[in-house]
Undergrad: 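The structure that follows is given in the form of structure tokens.
Remember, it's 1-based here, ligands and their atoms both numbered in the order they're listed. Scope of the values below: all heavy atoms of this structure, side chains included, with no hydrogens, waters or symmetry mates. The shown structure was predicted, so the numbers you read here are calculated from the model rather than taken from an experiment.
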Amino acid sequence: MTSFSDFPLHKSILQAIHDMGFEEPSPIQAACIPKVLEGGDLIGQAQTGTGKTAAFGIPLVQKVSPVNRVQAIILTPTRELAIQVAGELLRIAKYNKIRTLPIYGGQSIGHQIRALRQGVQVVVGTPGRVLDHLRRKTLKLDHVHTLVLDEADEMLDMGFIDDIETIINHLPQERQTLLFSATMPPEIKRLATRYMKNPQTIAVSSEEVTAPLIEQVYYKVFERNKVESLCRILDSEDVDLGIIFCRTKRGVDELTEVLQSRGYLADGLHGDLSQAQRDKVMSAFREGSIEFLIATDVAARGIDVGNVSHVINYDIPQDSESYVHRIGRTGRAGRKGIAMTLVTPREVRQMMFIQKQTKAQIVPRNVPSLEEVAERKQEQLREQLISLLESDEIADMYYKVTSSLLDQYPAEKIAAAALHLAFYSETGEEKEPEGYNFGETGAAKGMVRFFLNVGRNVNMKPQDLVREISESVGIPGKAVGRIDIFENFTFVEVPEDVAPFVYEALRQTRINGKRINLEPAKPRGAKRS
Ligand code: ADP
Ligand code: MG
């Protein structure tokens, strides 16, 4: 087992990684970090979600100095990725004086020019916009010692190969080139042979793994109300003991705090706790004095507690092996167990990938509504009240309050008000999913209409599209609304509540071999503003 401190990294970087809550390097990180630090070109291949950004980001931050020159450039296929990668680099470089700038189309170029003038050490950009800056001479790459081609296969799919070659020709010959990709189509290999010097290839292929035969479900949730969704799920389940998995130590701490403040018997377990603290949490869990154990993968390794009824992936696991390890904590010794995974729109594809690799049946479920939760809560509340009524544990103080009110109000109303006072704050209000406002798309009521850049030209039939949507977001085919297929494009309507999931899952997938792009449609007859 490797740890980040096994690598020759500056203390400041190790501290930053610690703050990010990463417990141990993922397999691609463990293999790549030392190689990149040594120098030399490298090709890293691993599935989405396996931590490729930090695999190059950590050694890259170490190699960059605070002098006022662009020393590293990272090319990414989309603006979202550019922003995401720049954000991760910023966190890694938290204690280093290194400036990272994402540059992408769609943002004012003037703003980017000003930012570049102020001096940055690392540029993360989409090929088109980077070229634009090179032509305007607002970006100089003469001092770049590291080039990263991130998500190279996606850049290829988006037709950026020529742009990438032009950019490479602006770079010094003497440099380290790193290429990361989930897949290795021949064009990428060709690019590597042409522009890399004796590259080493590190491929972390996840082997096929078999998931245990327990019930497996997933819930579509939004990042913004993930906690609320989790609570509703927990409230509508009969849990003996549950293990809730988070990606990072920080995630564990944050979720532990929220769940405790909402009154759940929960405690967290991760590598920063002392052995004594861990033992205490574990024995509380075994005895059942805490109901939920919130843990990272590392902390939960080797935990063998008999009556874990629920494993909940609050954060989706990094790969199928991790999925199988996690869910194997339940259903032990022939007992019944269920594994639940929370999936945000961006993670649907990863869920589908895990499902395919493990050959497991992972069934979509809806997050229970407030009403459904309320019904269960009423039942539980009644039971709690009865046991209290049968005991002598109610303090005199409470009797004094109720009896002084009895002249004015009916007993039933007083009791209900008391319950309201005790429990009201628990239920959160419904929030709008953030960041997915598709606007007016000309769809039927309650639906969103999307525009697809393919049609009959790729032999797409309505049933192909329905199958793709229904399989990738787990909705019945009949929930898909009106479909209009034209020669070169298509309109399709889907229910509002799953629209963000359809949008993220379908964007950049393929139908009959052709990459599809998806945009919210413009309302019919709308005036262009
Ligand atoms: P990829 O580029 O392979 O698709 P990312 O680099 O985007 O994957 O990482 C996916 C997620 O995993 C990110 O949220 C990232 O912060 C997190 N992550 C990466 N490495 C680790 C680690 N060692 N421990 C915990 N979380 C990690
Ligand atoms: Mg990536």
Undergrad: Report the name of the N/O/S atom of Glu151 located nearest to the Mg ion (ligand 2).
TA: OE2
Undergrad: Go ahead and list the nitrogen or oxygen contacts between ligand 1 and the protein that come in under 3.5 Å, distances to 0.1 Å, or just say none.
TA:
unit_1, atom_1, unit_2, atom_2, d
ligand 1, 3 (O), Gly49, N, 3.4
ligand 1, 3 (O), Thr50, N, 3.1
ligand 1, 3 (O), Thr50, OG1, 3.4
ligand 1, 3 (O), Gly51, N, 3.2
ligand 1, 3 (O), Lys52, N, 3.0
ligand 1, 3 (O), Lys52, NZ, 2.9
ligand 1, 4 (O), Gly49, N, 2.6
ligand 1, 6 (O), Lys52, N, 3.4
ligand 1, 6 (O), Thr53, N, 3.0
ligand 1, 6 (O), Thr53, OG1, 2.6
ligand 1, 8 (O), Gly51, N, 3.1
ligand 1, 12 (O), Gln318, NE2, 3.4
ligand 1, 16 (O), Glu88, OE1, 3.3
ligand 1, 18 (N), Gln318, NE2, 3.4
ligand 1, 20 (N), Gln29, NE2, 2.8
ligand 1, 23 (N), Glu24, O, 2.9
ligand 1, 23 (N), Gln29, OE1, 3.0

Undergrad: Which distance, rounded to the nearest 0.5 Å, do you find between the CZ of Arg91 and the CG of Leu89?
TA: 9.0 Å
Undergrad: Report yes or no: is the cationic atom of Arg349 (NZ for Lys, CZ for Arg) closer than 6.0 Å to the six-membered ring centre of Phe353, at no more than 45° off its axis?
TA: no
Undergrad: Using a strict cut-off of less than 4.0 Å between a Lys/Arg side-chain nitrogen and an Asp/Glu carboxylate oxygen, indicate whether Glu504 and Lys220 qualify as a salt bridge.
TA: no
Undergrad: Parallel, tilted or perpendicular: which fits the ring planes of Tyr264 and Phe292, with parallel below 30° and perpendicular above 60°?
TA: perpendicular
Undergrad: Indicate yes or no: does Arg326 engage Asp315 in a salt bridge with an N to O separation below 4.0 Å.
TA: no
Undergrad: Between Glu154 and Arg515 (salt bridge meaning N to carboxylate O under 4.0 Å), is one present in this structure?
TA: yes
